[in-house]
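Accompanying notes for the structure given below.
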Amino acid sequence: MAEKFIPDNVLPELQDLTPSVLATSKDNKPYTTFITWLIAKDNSTVRFALSKDSFSTENLKSNPYASIEVFGEGFALSISGNTKLIVDEIEELPFPVSVFELNVEKVVDNLFPGTSVTGKIPFEHTGDTVQAKEFDRIVLEELKK
């Protein structure tokens with residue numbers, strides 16, 4: 001059954017880097033991408049960051065409706081709604097990253113009865129971890145403003 005708000009028990013799981021799948025569309029051609037810069041501001045607002053020149057960013061400029069699939073222990077939720085660009089480019093980063101805000105219109109639990117996700121999607125930086133963690137810090141600060 002679809003809801004209009006992110007469940008209270010899921011909000012704490014969406015306050016830091018959140019490995020997710022973002023779905024956008026342009027000309028009725030769906031496109032998905034893996035993202036990690038995502039937080040829930042509250043039960044009805046999700047913020048995420050994307051490369052300014054990505055396919056997803058271009059899609060959102062022409063069709064602001066998006067869905068984000070988030071996974072964690074005991075949940076697999078599809079969160080959908082209209083987005084708006086709130087920061088064109090995060091100044092502190094050495095590469096162009098934009099911030100979007102999604103106004104939650106529909107939340108669907110996608111777990112099949114009798115199944116469960118047993119934890120957060122494992123994710124780690126494998127390159128320059130010090131620099132990557134600093135970039136994460138900058139982006140998360142921007143998302144939380």
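The salt bridge (Lys or Arg N to Asp or Glu O under 4.0 Å) check on Glu73 picks up nothing, with sequence neighbours excluded. Partners of Glu89 under the side chain to side chain donor-acceptor pair (under 3.5 Å) rule, at least two apart in sequence or in another chain, are Lys52. Evaluation of the ring pair (Phe, Tyr, Trp, His ring centres under 6.0 Å) rule for Phe100 yields Phe48 as partners, not counting sequence neighbours. Partners of Lys120 under the salt bridge (Lys or Arg N to Asp or Glu O under 4.0 Å) rule, at least two apart in sequence or in another chain, do not exist in this structure. Partners of Asp53 under the side chain to side chain donor-acceptor pair (under 3.5 Å) rule, at least two apart in sequence or in another chain, do not exist in this structure. Legend: residues meeting salt bridge (Lys or Arg N to Asp or Glu O under 4.0 Å) with Glu105, ordered by chain and number and at least two apart, are absent. Partners of Glu92 under the salt bridge (Lys or Arg N to Asp or Glu O under 4.0 Å) rule, at least two apart in sequence or in another chain, do not exist in this structure.
Rounded to the nearest 0.5 angstrom, Ile68 CD1 and Leu38 CG are separated by 5.0 Å. Between the CZ atom of Arg47 and the CG atom of Leu102 there is a distance of 11.5 Å, given to the nearest 0.5 Å. For the atom pair Phe5 CZ and Ile79 CD1, the distance stands at 13.0 Å (nearest 0.5 Å). Note that CG of Leu22 and OG1 of Thr83 are 8.5 Å apart. Values are rounded to the nearest 0.5 Å. Taking CG of Leu50 as the start and CD1 of Ile35 as the end, the distance is 6.0 Å to the nearest 0.5 Å.
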Result block: side-chain N/O donor-acceptor pairs under 3.5 angstrom for residues 23-31, not counting sequence neighbours:
residue, atom, partner, partner atom, Å
Thr24, OG1, Asn59, ND2, 2.9
Ser25, OG, Lys29, N, 3.4

Tell me which donor-acceptor pairs under 3.5 Å the side chains of residues 124-133 have, and how far apart each pair is, sequence neighbours excluded?
residue, atom, partner, partner atom, Å
His125, NE2, Asp136, OD2, 2.6
Asp128, OD1, Val130, N, 3.3
Asp128, OD1, Gln131, N, 3.1

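Ion pairing between Lys145 and Glu141 fails under the 4.0 Å rule for side-chain N and carboxylate O.
Other cluster members for Phe135: Leu17, Phe34, Trp37, Ile39, Ile86, Val87, Ile90, Leu93, Phe95, Val97, Val99, Phe123, Ile138, Val139, Leu140, Leu143, joined by side-chain heavy-atom distances under 4.5 Å among Ile, Leu, Val, Met, Phe, Trp and Tyr.
Scanning both residues, Asn103 and Ser44, for their nearest heavy atoms gives OD1-O, 3.5 Å. For the pair Leu77 and Pro7, the tightest heavy-atom approach, listed with the atom from each and the gap, is CD1-CD, 3.8 Å.
Sorted by first then second residue, the ring-ring contact (aromatic ring centres under 6.0 Å, His included) pairs that include residues 57-87, not counting sequence neighbours, number zero. Legend: side chain to side chain donor-acceptor pair (under 3.5 Å) pairs involving residues 6-18, not counting sequence neighbours, sorted by first then second residue: Asp8-Asn43.
With Ser54 contributing its side chain and Ser51 its backbone, the two residues share a donor-acceptor pair below 3.5 Å.
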